[in-house]
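Worksheet: the structure to be examined is printed underneath.
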Amino acid sequence: MPSGSYDPDTVEPAWQDRWVDHGTYAYDAVDDPDLSFSIDTPPPTVSGDLHWGHVYGATLQDFVARFERMANGGVFFPFGYDDNGIASERLTEDELDIEHADFERHEFQRKCREVCADYEADFTEKMQSLGVSIDWGHTYQTIEPRVQRISQRSFIDLYEQGREYRRRAPTIWCPDCATAISQVETEDDERGSHFHDIAFEVVGSDESFTISTTRPELLPACVSVFVHPEDEENQHLVGESARVPLFGQEVPTIADERVDMETGSGVVMCCTFGDQTDIEWYQAHDLPLRIAIDETGTMTEQAGDYAGMPSDEAGEAIVADLDETGALLDKRAITHTVNVHERCATPVEFLVTEQWYVEILDKKEEYLQAGREMDWYPEKMFTRYRHWIEGLEWDWCISRQRSSGIPFPVWYCDDCDEPVLADKADLPVDPLSDDPPVGSCPECGHEEFTPEDDVFDTWATSSLTPLINAGWAEGKDDPASDAMARPELYPMDMRPQGHDIISFWLFHTVVKCYEHTGEPPFDSVMINGMVLDENREKMSKSKGNIVAPDSVLAEYPVDAARYWAAGSSVGDDLPYKEKGIVAGERLLQKLWNASKLVDELAPAESVPDERPDLAALDEWLLARLDEEIERAAEHLEDRAFSKYRDSLRSFFWHTFCDDYLEIAKGRIRETDDPSARYTLRTAHERFLKLFAPVLAHVTEELWHEMYADADPVGATVEAGTDDATAADGGAAGIVDSVHTTDWPEPLGLDADIAAGERALEVVGALRKYKSERDLALNAGLGRVQVYGDVADYVDDIARAMHVDELELLEEAPAVETVVTGIDLDYSVVGPEFGGDVPDIEAAIEGGEYVLEDEGDDAVLLAGEFELTAEMFDVERERRYDGEGDLLETDGAVVIVG
RNA sequence: GGGGCCGUGGUCUAGUGGUCAUGACGCUUCCCUUACAAGGAAGAGGUCGGUGGUUCAAAUCCGCCCGGCCCCA
């Protein structure tokens, strides 16, 4: 039985250990998809820190997992570590103070895995200490061989489907990371720079014009000059040729509305490539390529005298030479927006390189439709997905020039460049160390091959998590088969996702899985917001406003933090609030203390197995609880965590503890009442189950203290006995858990809810009477008369309010009632009388009305209008001249004294 | 620059057409009542960002403005 005060420091870790040790949340395979609920958890990047985003996201997922487990059955709640991307590569470099380029790929990957292994173990421990009901028997790393095989298999399948191509094309390139990156990995940043005004000659004339550029080193790459079609001043240049200073190439002048007339002279040079507009122009006007800067940031032969110089030095040299020849007209400082790599803040280059792409632009409508077929929580987040797809301009570049990652399973013929893909049976492969599957090129018969040394974009793999979880193409018998080992899991029932990465992670996952299976990978998507600081600002290192979860959880129970996390509407950002966590802690204590009282008043052996005849109030409480059970389930199904939490807390705290428990306490102590005992214990066990999804630890402990056969951990620890011995109370090592019990079914009692409410109104009126007179709540009241239908509650009311003599009046007390006004029911009156409503209101206001008959036959004549009974209520004030004080409630009249 | 979300007592928040606007925290007063004073009871506190419109009726729908945040350029 629960005793003393709740000790989460002992109880929470003990249950976390036991849940993991006994596989409480292990997924048991079932054939019927309806009996399982699968969650496709996005694997977090392995980087060491556990931040609030992890805590918040994982906790919300856990609310769903725990509820679905109770309500439906088997829940598949896996966990993954994303350790094959640039983030883990950088982590390894920083941790060991090395550069990936200094090592052979396998060597670096080995180091990478060693570093990540420590972080993963640390992360596992932290996730387990959050009490999240993950099945730790189903975890994966995105670098592990099984995942590598699936990822390479995905590449081969999409290639065979004609969804992938290799092309020499403009690519976004990070010079610092020395790799291609995708559009989504860039962001805009304001940077200081210089505008150089440079004179260009018009070929065959004496005229010249000025262009302004921040990138003089791109002059050798200049392929054309652009003028806005509405730029009258410069319109005469269109159709002419211009000569680029220093380099001498003649380039056409073309009109295009993408020119920003406000910047510089209005005439712009187009190079290979200065920015994204240059690429658009290159494509739109079929311009030639002049590649002046290579992948290492060095000037090419195209740059003539400047070849071999780093591009920034070349820029300075070119400016000096322009100045010398008189072509440099002006140089001035400006700030402008540049595209930078989000991970290292280096301005990106736009290079022409050979990369692999997944074709997506041709199927935008299908991916949009796939998104429409999923249920979005909240619905509005679908808009973000839609806008992202509608704005897509590039196919998906999946090549990365990194060491750590999953290799492309491809070799190229040295003679004809034909790609040769690995055999599906051989996966995973590394072309750098493995031989191609053929001895000679199937196209030309040549026998020498060059391995592809690029690796996949991290999203190319992390977009496969539904397939990884469902065991896609594991190919135990047939390596070419794409059958799933756990087909009942797919499509996954729910995908949780932060709203900031809908556009790439979720989108890419839909694309990949849709192409492999022909259907959307998820039935539903649950979007979570960001955790903000106490002032609703994003937590960031530079602002110094980060609150570490570790330090908070050292001070407060995990359940209290879970309570805080449940205080949000799905999709909304949630500010970190210490007060919110304190409120959770108070609820834990309230639940613990109430449980102690319930166990004292209604110990298990004192409660009848069969339901006894219930007192009216007991029946009322259980019927109200039925309503709460349904409400809680509806809210959880809608992922409306905050409503679920607040509604349940309020009903438990106020209705159960403040109202019912106080009354039942008195009744049991005075009359040894089996009805109240049964009700207390029944309701209490139900409350534990209703709270279980959010207050995972305290409900488990209490349920074991009071309802399960096995010993509770708290008692075990106090007794100093071995944990495992206590746990063996369950058969075959299986420990009962409140989390694997069924969600409570409504009892379906036929209670008069209104009568119960009326009785509590009387209690409320008497409390108020005492409070207003500064009386203690347990102060005695001599005589109270009640007029109203509360006959079944007289004893309960009298005992709770310490009334010596409570008399039920047969007739209304001698009160004089005065009509003080008319309350219109506008939902009826409005549609009926429309624009005449103000006249009716004026008539009532001015007292120009007549009230005829009573009750359902009442008629109100207001001015020239006749209103029937359902259109209004009559406001009355009672005046009581008799002995004692008159208290009024909606359904009863109470006289004290 | 384009798109989206949001603005409700001091703070946070419920509330997508029906007239005394929900709750929590904080505040005031009272009560140590044998589960809990980290508790209980009662109260004070809001022209629902501003403005114009639609409607018999607007926190709610529409326009504009102000402020904040997010995504994208």
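Reminder, nothing fancy here: chain letters follow the sequence lines and each chain counts from 1. When reading the values below, keep in mind they use all heavy atoms of this one structure, side chains included, and skip hydrogens, waters and symmetry mates.
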Nucleotide nearest A:Val837 (side chain, heavy atoms from C-beta), chosen from B:U19, B:C56, B:U11: B:C56
A:Glu634-A:Tyr644 side chain donor-acceptor pair, cut-off 3.5 Å: no
Stacking check A:Tyr826 vs B:U19 (5.5 Å / 30 deg): yes
Ring geometry between A:Trp396 and A:His508 (parallel below 30°, tilted from 30 to 60°, perpendicular above 60°): parallel
A:Glu870, CD: over 12 other non-hydrogen atoms inside 6.0 angstrom: yes
Sugar-phosphate, base or nothing in reach of A:Pro575, heavy atoms under 4.0 Å: nothing
Base B:C36 to side chain A:Lys590, donor-acceptor N/O within 3.5 Å cut-off: yes
Heavy atoms of other groups near A:Glu600 CD, more than 12 under 6.0 Å: yes
Minimum-distance nucleotide to A:Asp658 side chain [options: B:C25, B:C56, B:A41]: B:A41
side-chain N/O A:Lys665 vs B:U34 OP1/OP2, d < 4.0 Å: no
Base B:A35 paired with A:Gln589 side chain (donor-acceptor, <3.5 Å): no
Selection from B:A24, B:G40, B:C70 that lies nearest to any side-chain heavy atom of A:Arg649: B:A24
